[in-house]
Amino acid sequence: MPNYWLMKSEPDMFSIYDLRKRPKQREHWDGVRNYQVRNMLRDDFRVGDQAFFYHSSCKEPGVAGIMKIVRAGYPDHSALNPEGEHYDPKHTLETPRWYMVDVEFERVFKRVVTLEEMKQCLELQDFAVVQRGSRLSILPVTAAQWKFILSLEDRRSREVLDGC
DNA sequence: GCCAACGTTGGC
DNA sequence: GCCAACGTTGGC
């Protein structure tokens, strides 16, 4: 069984539309510098997993679409570059500290499923993204949560906010 | 731009 | 190993 994930990115920096424009519609998901998230990237991501592309720190935070994992965790080479903003001198080829995966664009949602809507839904109260102070940039998603969020895509947001 | 939440750092 | 200070995330 594949895993499901939610991966956050600020659309001003890198959006799902940017991913769609990349060669082969693929990109490295690099720059993660949090140990909990590092462990997920290193140990739990598998080829064939799917992930929600979540737009954060923007006008309408929420799930914008879907991507798939096309390469499992491997050392994040952005940590090797002393000129780069993600440089870490403690990360080396021999003893990597930080990991990344490769993702591939799958599709853009018909509409953004917003954080505001997700907060209204009883079905998602256990989902970390709706909880205060949850700041991890990657979160695991259960099969039930995945399915439920997909069902929200096909509803009108007003209806979800009023009646979920 | 504010600030709550939480992770990291470093002095002791 | 404690904990205060500081930095970052990210919604609002």
Side-chain angles (χ1 to χ4, degrees), chain A residues 3-20 27-45 49-67 69 73 75-92 94-103 105 108-142 145-146 148-153 155-164:
Chain A
N3 294 316
Y4 297 114
W5 306 96
L6 177 144
M7 301 168 79
K8 300 179 186 174
S9 179
E10 300 185 19
D12 289 347
M13 304 295 294
F14 184 69
S15 73
I16 193 165
Y17 306 101
D18 296 322
L19 176 61
R20 186 167 61 181
E27 189 52 278
H28 315 301
W29 203 269
D30 61 6
V32 167
R33 297 294 179 267
N34 169 284
Y35 288 103
Q36 269 180 271
V37 178
R38 186 278 309 268
N39 292 347
M40 290 190 267
L41 289 170
R42 187 189 58 192
D43 305 332
D44 302 331
F45 272 68
D49 289 354
Q50 287 179 295
F52 288 134
F53 196 124
Y54 179 90
H55 285 169
S56 66
S57 290
C58 58
K59 193 164 174 225
E60 194 173 50
V63 176
I66 298 176
M67 52 194 167
I69 308 308
D76 178 349
H77 47 60
S78 73
L80 296 172
N81 174 15
E83 311 298 318
E85 77 175 300
H86 298 301
Y87 177 61
D88 181 349
K90 301 239 177 74
H91 174 101
T92 65
E94 295 73 32
T95 56
R97 169 178 290 193
W98 304 112
Y99 284 76
M100 62 185 177
V101 297
D102 289 354
V103 299
F105 174 83
V108 173
F109 271 7
K110 285 169 260 181
R111 65 181 192 85
V112 173
V113 173
T114 64
L115 176 62
E116 187 188 10
E117 290 170 63
M118 293 193 284
K119 282 183 168 173
Q120 293 298 316
C121 295
L122 287 176
E123 292 87 342
L124 297 177
Q125 292 313 296
D126 293 333
F127 189 24
V129 80
V130 308
Q131 289 162 4
R132 260 161 53 109
S134 114
R135 299 180 314 153
L136 298 183
S137 63
I138 294 178
L139 300 171
V141 178
T142 68
Q145 289 160 349
W146 181 270
F148 184 77
I149 289 166
L150 288 180
S151 80
L152 292 183
E153 183 194 1
R155 295 170 61 182
R156 285 179 301 115
S157 61
R158 189 74 255 153
E159 172 193 322
V160 174
L161 286 170
D162 289 344
C164 204

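In what follows, every heavy atom counts, from backbone to side chain, and hydrogens, waters and symmetry copies are set aside. Lettering follows sequence order; numbering is per chain, from 1.
- Separating the CG atom of Asn34(A) from the P atom of dG7(C) is a distance of 18 Å, rounded to the nearest angstrom.
- dT8(B) atom P lies 10 Å from atom CG of Leu136(A), rounded to whole Å.
- Classification of the Phe53(A)-Trp29(A) ring pair by plane angle, with boundaries at 30° and 60°, yields perpendicular.
- Nucleic acid contact class of Glu10(A) (heavy atoms, under 4.0 Å, all strands): none.
- Under 4.0 Å is where a charged nitrogen must lie from a carboxylate oxygen, and between Asp88(A) and Arg33(A) no such pair does.
- Between Lys8(A) and dG10(C) there is a side-chain N or O to OP1 or OP2 distance below 4.0 Å.
- For the pair Leu139(A) CG and dT9(C) P, the computed distance is 14 Å after rounding to whole Å.
- The Lys119(A) side chain lies nearest to dC12(C) when the options are dT8(B), dG7(C), dC12(C).
- For Leu115(A), the listed nucleotide lying nearest its side chain is dG11(C); candidates were dG11(C), dT8(B), dT8(C).
- Atom CZ in Arg33(A) sits roughly 15 Å away from atom C1' in dG7(B) (whole-Å rounding).
- The distance between atom CE of Met118(A) and atom C1' of dG10(C), rounded to the nearest whole Å, is 13 Å.
- Following rounding to the nearest Å, Arg38(A) (CZ) and dG7(B) (P) show an atom-to-atom distance of 15 Å.
- Here the side chain of Pro61(A) is nearest to one of dT8(B), dG7(C), dG11(C), namely dG11(C).
- Counting heavy-atom neighbours within 6.0 Å of Gln125(A) CD, excluding the residue itself, gives a total above 12.
- A salt bridge is defined here as a Lys NZ or Arg NE, NH1 or NH2 lying under 4.0 Å from an Asp or Glu carboxylate O, and Asp76(A) with Arg38(A) fails to meet this definition.
- Between the P atom of dG10(C) and the CG atom of Leu6(A) lies a distance of 10 Å, rounded to the nearest Å.
- Atom CD of Gln131(A) is separated from atom C1' of dT9(C) by 16 Å (rounded to the nearest Å).
- Taking only side-chain nitrogens and oxygens, Tyr54(A) comes nearer than 4.0 Å to OP1 or OP2 of dG11(C).
- Between Phe45(A) and Trp5(A), the ring planes lie parallel to each other; the angle is under 30°, not in the 30° to 60° tilted range.
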